[in-house]
Amino acid sequence: LTTGLQIGLYHSGLNYNELTFETQYSRVVGGFLPQKSSEETLTSNANYAIDAALGAYYLYKDLRNALHPFLGFSAFHAARPNTSFLNEYRPYPVQFSLYGGSHWQVNEPIRLTPAILFLQQAQNSIVDFRVQATYAAGNSTELLLGTAINTYNMVTVFTGVEINHN
């Protein structure tokens, strides 16, 4: 079992000079009036807050078995920093992820890893199904072939090749 905690500084900024508002447009004049006040009461042009992320990962690795299942969980923006530039509280939504699958040692140089990744933040979610094949080409070189099917508003297929040499 592996666990982790990350603490960081959240910062977001806003340049008021680059913003335009509905009250700065006039039908009478027929356009934009940059000298007219926006009539917005923005209290700050920068937000700073402490933020945190946490997670856990478990891998069952019994060398007598060919299957090594794993499960991971993480939460980002767990401290829910305020994102509003107005005098109100609008927390950054927490992003949850759940990752699970199994390493399957087919034979000595070949390992297959089917897995599923689920991401959720506010009302948005993504499901990612993937399979990775690893070929150990010696003591320090691995060739990885992978493909993933991602479902977020549409189905997307990703394929990749990676060579690791230590």
Side-chain angles (χ1 to χ4, degrees), residues 1-16 18-19 42-106 109-137 139-166:
L1 179 67
T2 303
T3 59
L5 173 67
Q6 177 183 1
I7 297 176
L9 179 66
Y10 171 83
H11 170 260
S12 61
L14 182 63
N15 183 349
Y16 294 136
E18 298 294 322
L19 299 178
L42 301 172
T43 59
S44 171
N45 67 344
N47 284 339
Y48 295 92
I50 300 294
D51 198 2
L54 53 103
Y57 177 79
Y58 177 75
L59 170 65
Y60 176 77
K61 192 162 187 176
D62 182 351
L63 297 178
R64 296 171 293 178
N65 289 329
L67 293 177
H68 307 284
F70 57 86
L71 183 65
F73 168 81
S74 61
F76 300 93
H77 304 297
R80 304 196 69 202
N82 189 12
T83 61
S84 176
F85 291 99
L86 304 172
N87 217 5
E88 61 188 26
Y89 179 64
R90 288 192 182 174
Y92 202 103
V94 179
Q95 177 185 329
F96 297 100
S97 68
L98 184 63
Y99 185 56
S102 182
H103 299 299
W104 175 35
Q105 197 68 45
V106 178
I110 298 174
R111 181 179 72 218
L112 294 177
T113 305
I116 185 169
L117 171 67
F118 175 76
L119 300 171
Q120 174 79 40
Q121 186 171 26
Q123 303 302 317
N124 301 309
S125 62
I126 296 175
V127 179
D128 188 83
F129 303 95
R130 57 184 61 200
V131 176
Q132 178 179 306
T134 305
Y135 178 78
N139 290 340
S140 61
T141 304
E142 282 187 338
L143 173 64
L144 287 83
L145 303 171
T147 189
I149 298 174
N150 182 299
T151 60
Y152 178 70
N153 294 335
M154 63 180 171
V155 175
T156 309
V157 177
F158 301 96
T159 302
V161 176
E162 178 180 336
I163 298 174
N164 293 327
H165 181 73
N166 296 325

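Model, not experiment: these values are computed from the prediction.
- Here the shortest heavy-atom pairing between Leu54 and Ala78 reads CD2-CB, 4.2 Å.
- Ala133 and Leu112 make their closest contact through CB-CD2, 3.6 Å (heavy atoms, listed as atom of the first residue, atom of the second, distance).
- Atoms CZ and CZ, on Phe118 and Phe96 in that order, are 10.5 Å from each other to the nearest 0.5 Å.
- Side chain of Asn47 to main chain of Ser84: a donor-acceptor pair is present (N/O by atom type, distance under 3.5 Å, no hydrogens or angles).
- Nearest heavy-atom pair, Ala79 versus Ala52, reported as atom, atom and distance to 0.1 Å: CB-N, 3.9 Å.
- Under the side chain to side chain contact (heavy atoms under 4.5 Å, CB included) criterion, Ala53 pairs with Gln6, Phe76, sequence neighbours left out.
- With sequence neighbours excluded, the residues satisfying salt bridge (Lys or Arg N to Asp or Glu O under 4.0 Å) with Arg130 are Asp128.
- Looking at residues two or more places apart in sequence or on another chain, you find a side-chain hydrogen bond (donor to acceptor under 3.5 Å, both in side chains) between Glu88 and Arg90.
- Once rounded to the nearest 0.5 Å, the distance linking CD1 of Ile116 with OH of Tyr99 reads 10.5 Å.
- How far CD of Gln120 is from CD1 of Ile126: 10.0 Å, rounded to the nearest 0.5 Å.
- With rounding to the nearest 0.5 Å, the separation of CZ in Phe129 from CG in Leu117 is 10.0 Å.
- No side-chain donor-acceptor contact under 3.5 Å links Asn65 to the backbone of Leu67.
- Under the side chain to side chain contact (heavy atoms under 4.5 Å, CB included) criterion, Pro114 pairs with Val131, not counting sequence neighbours.
- For the side-chain hydrogen bond (donor to acceptor under 3.5 Å, both in side chains) test, no residue two or more places apart in sequence or in another chain qualifies with Thr83.
- Leu71 places a side-chain heavy atom less than 4.5 Å from the side chain of Leu98.
- In this structure, the side chain to side chain contact (heavy atoms under 4.5 Å, CB included) partners of Gln105, at least two apart in sequence or on a different chain, are Arg111.
- Side-chain N or O atoms of Gln121 include none that pairs as donor or acceptor with a backbone N or O of Gln123 at under 3.5 Å.
- Looking at Phe70 and Thr113, their side chains come closer than 4.5 Å, going by heavy atoms from C-beta outward.
- Annotation: side chain of Leu59 is in contact with side chain of His103 (closest heavy-atom distance under 4.5 Å).
- Sorted by first and then second residue, the side chain to side chain donor-acceptor pair (under 3.5 Å) pairs with a member in residues 50-59 read Asp51-His77; sequence neighbours excluded.
- With sequence neighbours left out, the side chain to side chain contact (heavy atoms under 4.5 Å, CB included) criterion links Leu14 to Tyr16, Leu19, Leu42, Phe85.
- Taking the ring pair (Phe, Tyr, Trp, His ring centres under 6.0 Å) definition, one finds that Tyr48 meets it with His11, sequence neighbours left out.
- Among residues two or more places apart in sequence or in another chain, the salt bridge (Lys or Arg N to Asp or Glu O under 4.0 Å) test is passed with Arg80 by none.
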